[in-house]
There are 2 protein chains.
Amino acid sequence: MAYRETEKMRQRKAQARQRIIDCTYECVANGGFRSARITRIAGLAGVATGTIYRHFESREDLFAEIFRTATQREVDKVAEALDTNGDAAVRLEAALRQFAERALRGPMMAWALIAEPVDPKLEEERLVYRRAYAQLFEKAIRNGINEGCIPDQDARQSSTSLVGAIAESLVGPLSPTLAGQITIADIDKNKLVDSIIRFCMQGLTGTRR
Amino acid sequence: MAYRETEKMRQRKAQARQRIIDCTYECVANGGFRSARITRIAGLAGVATGTIYRHFESREDLFAEIFRTATQREVDKVAEALDTNGDAAVRLEAALRQFAERALRGPMMAWALIAEPVDPKLEEERLVYRRAYAQLFEKAIRNGINEGCIPDQDARQSSTSLVGAIAESLVGPLSPTLAGQITIADIDKNKLVDSIIRFCMQGLTGTRR
DNA sequence: ACAAGAAATGAATAATGATTCACTGCTTAT
DNA sequence: ATAAGCAGTGAATCATTATTCATTTCTTGT
């Protein structure tokens with residue numbers, strides 16, 4: 001037994017793995033999952049295609065990891081915004097804003113995560129994460145109901161609707177530009193975010209704004 | 001010039017075309033677009049695979065036609081519900097109910113139209129139709145604002161949010177059952193529809209219900 | 001320096017279905 | 001009945017990429 005995995009090797013492998021992840025991320029942020037080719041990723045990462053498969057079971061698996069990591073980052077940001085001071089309604093508003101603004105700041109990745117048609121395995125991940133958002137909102141809504149700043153309602157239903165309303169409002173602006181379509185630069189992001197939030201908060205509080 | 005297309009032939013071709021459409025519809029209503037194979041459709045329609053291509057440019061084209069037809073039918077139903085008596089808020093509520101109830105009645109087709117991951121060409125169709133729904137709602141909201149039964153607001157934004165809220169609320173229940181998931185039979189459809197509508201109308205009117 | 005084993009390589013393979021097209025067989029007008 | 005021309009056929013082809021795996025290169029302990 002002449003060869004033994006050493007710390008140096010472990011690190012080198014970890015680095016390669018990370019490089020693959022980073023390059024996949026870049027590809028996805030650039031054109032979505034569908035257009036991210038294994039050969040391209042390998043090329044960017046400076047490894048052979050076969051090497052990808054020493055680090056990930058399959059393309060789907062690699063994508064699933066990217067999807068999870070990227071989405072978790074967003075979920076965490078929303079959770080963070082929900083964890084600040086103020087009453088539940090204020091915190092919810094901050095969270096919705098965080099969600100929308102971050103999406104508009106990285107539109108292609110946001111589109112890939114929210115709306116790009118993907119294979120069943122990724123679609124499953126997506127449903128999981130949509131539920132994760134909804135659960136965060138749901139909890140905040142319940143807090144609000146207890147605090148009295150949000151009227152009593154079906155918190156689960158409302159949270160689902162919030163996720164849908166934001167996602168739908170963003171899908172148009174986020175969708176990769178087809179010929180002659182409105183681009184993201186053309187719209188007033190602040191206005192968009194404000195109007196999304198107005199509807200959401202009104203739906204939640206039953207109070208006109 | 002011995003052969004000339006005659007009325008009889010024209011009809012026979014039209015029938016074959018219709019049969020292909022019907023069978024495609026059936027396949028899609030049964031497992032969505034992705035699983036609908038040309039060979040299967042041809043088999044059901046009682047024609048050779050090649051014959052499909054005498055009637056449609058490509059699989060995508062065939063699907064696009066099915067998509068348009070099926071969605072237009074739904075859009076029309078919603079338009080119909082918006083065209084009844086009562087104030088704008090009442091009519092909007094009826095339309096939302098129509099949308100949700102019909103989707104739950106034909107869940108697989110609804111899923112295929114609303115949420116199934118599809119190729120870019122179909123995705124484009126989908127965006128068109130989502131806008132079609134939104135435009136119907138938008139118009140009704142404007143009516144409501146003029147009538148005074150809906151407070152002044154960004155009608156376009158609100159209509160988009162409505163589409164998103166309904167779609168998202170339905171996606172879970174509509175999604176083809178994966179192992180151990182809740183089935184559509186398990187949920188109380190009426191309750192679901194009611195709670196969706198409550199949120200939507202509250203968001204619209206800013207009035208608790 | 002060497003042998004043992006692990007990692008990396010990337011050209012070749014595999015798998016999947018849509019699409020084609022050379023051919024068969026109808027329909028029609030004469 | 002015949003010939004011209006169109007419709008129908010479906011096995012073979014094509015196209016696309018993810019994935020494999022025999023080979024090469026590198027790392028390690030002696």
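Sequence lines set the chain letters: A, B, ... in the order given, protein chains first and strands last, and positions in each chain run from 1.
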Which whole-number value in Å describes the distance from A/D119 CG to D/dA18 P? 10 Å
Of the candidate nucleotides D/dG8, D/dG5, D/dA3, which contains the atom at the shortest distance from the side chain of B/H55? D/dG8
Please set out all donor-acceptor pairs under 3.5 angstrom arising from side-chain atoms of residues 155-171 of chain A, sequence neighbours excluded.
| residue | atom | partner | partner atom | Å |
| --- | --- | --- | --- | --- |
| A/Q157 | OE1 | B/S195 | OG | 3.2 |
| A/Q157 | NE2 | A/S161 | OG | 3.0 |
| A/Q157 | NE2 | B/S169 | OG | 2.9 |
| A/S158 | OG | A/Q153 | OE1 | 2.6 |
| A/S158 | OG | A/D154 | O | 3.2 |
| A/S159 | OG | A/A134 | O | 3.3 |
| A/S159 | OG | A/A155 | O | 3.2 |
| A/S159 | OG | A/R156 | O | 2.7 |
| A/T160 | OG1 | A/R156 | O | 2.9 |
| A/S161 | OG | A/Q157 | O | 3.2 |
| A/E168 | OE1 | B/R130 | NH1 | 2.1 |
| A/S169 | OG | A/A165 | O | 2.7 |
| A/S169 | OG | B/Q157 | NE2 | 2.9 |

Under a 4.0 Å heavy-atom cutoff, the residues of residues 58-67 of chain A touching DNA chain D are A/S58, A/R59
First encountered from the 5' end of DNA chain C, between B/T6 and B/E57: B/E57
With sequence neighbours excluded, residues passing side chain to side chain contact (heavy atoms under 4.5 Å, CB included) with A/R34: A/E116, A/P117, B/D119, B/P120
Please list, chain by chain and in numerical order, all residues satisfying side chain to side chain contact (heavy atoms under 4.5 Å, CB included) with A/E26, sequence neighbours excluded. none
By side chain to side chain donor-acceptor pair (under 3.5 Å) - contacts of A/T51 (at least two apart): none
Going by number, which of residues 9-18 of chain B have a non-hydrogen atom under 4.0 Å from DNA chain C? B/M9, B/R12
Inspect the contact between A/K121 and A/E124 and indicate whether a charged nitrogen and a carboxylate oxygen are less than 4.0 angstrom apart. no
Expected rows: protein N/O vs nucleotides 21-24 of chain D N/O, under 3.5 Å:
none

Proximity to the side chain of A/T49 - top-ranked nucleotide from D/dT20, C/dA7, C/dT28: D/dT20
For a side chain to side chain contact (heavy atoms under 4.5 Å, CB included) check, start with the C-alpha distance between A/K13 and A/R17, then their side-chain angles and the critical distance, and finish with the verdict. CA-CA 6 Å; A/K13 277 202 281 177; A/R17 187 187 156 92; over 6 Å; no
Side-chain N or O of B/T51 versus OP1/OP2 of D/dT9: is the shortest distance under 4.0 Å? yes
Run the side chain to side chain contact (heavy atoms under 4.5 Å, CB included) test against B/K77 and tell me which residues pass, sequence neighbours left out. B/E80, B/Q98, B/R102
Nearest listed nucleotide, side chain of B/I38, among C/dG10, C/dT28, C/dT19: C/dT19
Give the C-alpha distance, both sets of side-chain angles, the deciding distance and a yes or no for side chain to side chain contact (heavy atoms under 4.5 Å, CB included) between A/I52 and A/R59. CA-CA 9 Å; A/I52 304 272; A/R59 184 177 114 116; over 6 Å; no
Contacts of A/N30 that satisfy side chain to side chain donor-acceptor pair (under 3.5 Å) - sequence neighbours left out: none
Measure CD1/A/I41 against P/C/dG10 and give the value in whole Å, please. 17 Å
Between A/R91 and A/D83, is the closest basic N to carboxylate O distance under 4.0 Å? no
Any idea which of D/dA7, C/dA29, D/dT28 is nearest the A/K8 side chain? D/dT28
For A/I52 and D/dT20, give me the distance from atom CD1 to atom P, rounded to whole Å. 13 Å
Choose from D/dG10, D/dA4, D/dG8 the nucleotide whose nearest atom is closest to any side-chain atom of B/A48. D/dG10
Looking at residues at least two apart in the chain, or sitting in another chain, which of them share a side chain to side chain donor-acceptor pair (under 3.5 Å) with B/R73? B/Y25
Taking N and O atoms by type only, does the side chain of A/R4 place a donor or acceptor under 3.5 Å from a partner on the base of D/dG29? no
Within residues 29-37 of chain B, those residues having any heavy atom closer than 4.0 Å to DNA chain D are none
List the steps, then state whether salt bridge (Lys or Arg N to Asp or Glu O under 4.0 Å) holds for A/E138 with A/R142. CA-CA 6 Å; A/E138 186 180 340; A/R142 283 192 211 289; 2.3 Å; yes
Any ring pair (Phe, Tyr, Trp, His ring centres under 6.0 Å) pairs touching residues 99-145 of chain A, not counting sequence neighbours? A/F99-A/Y133
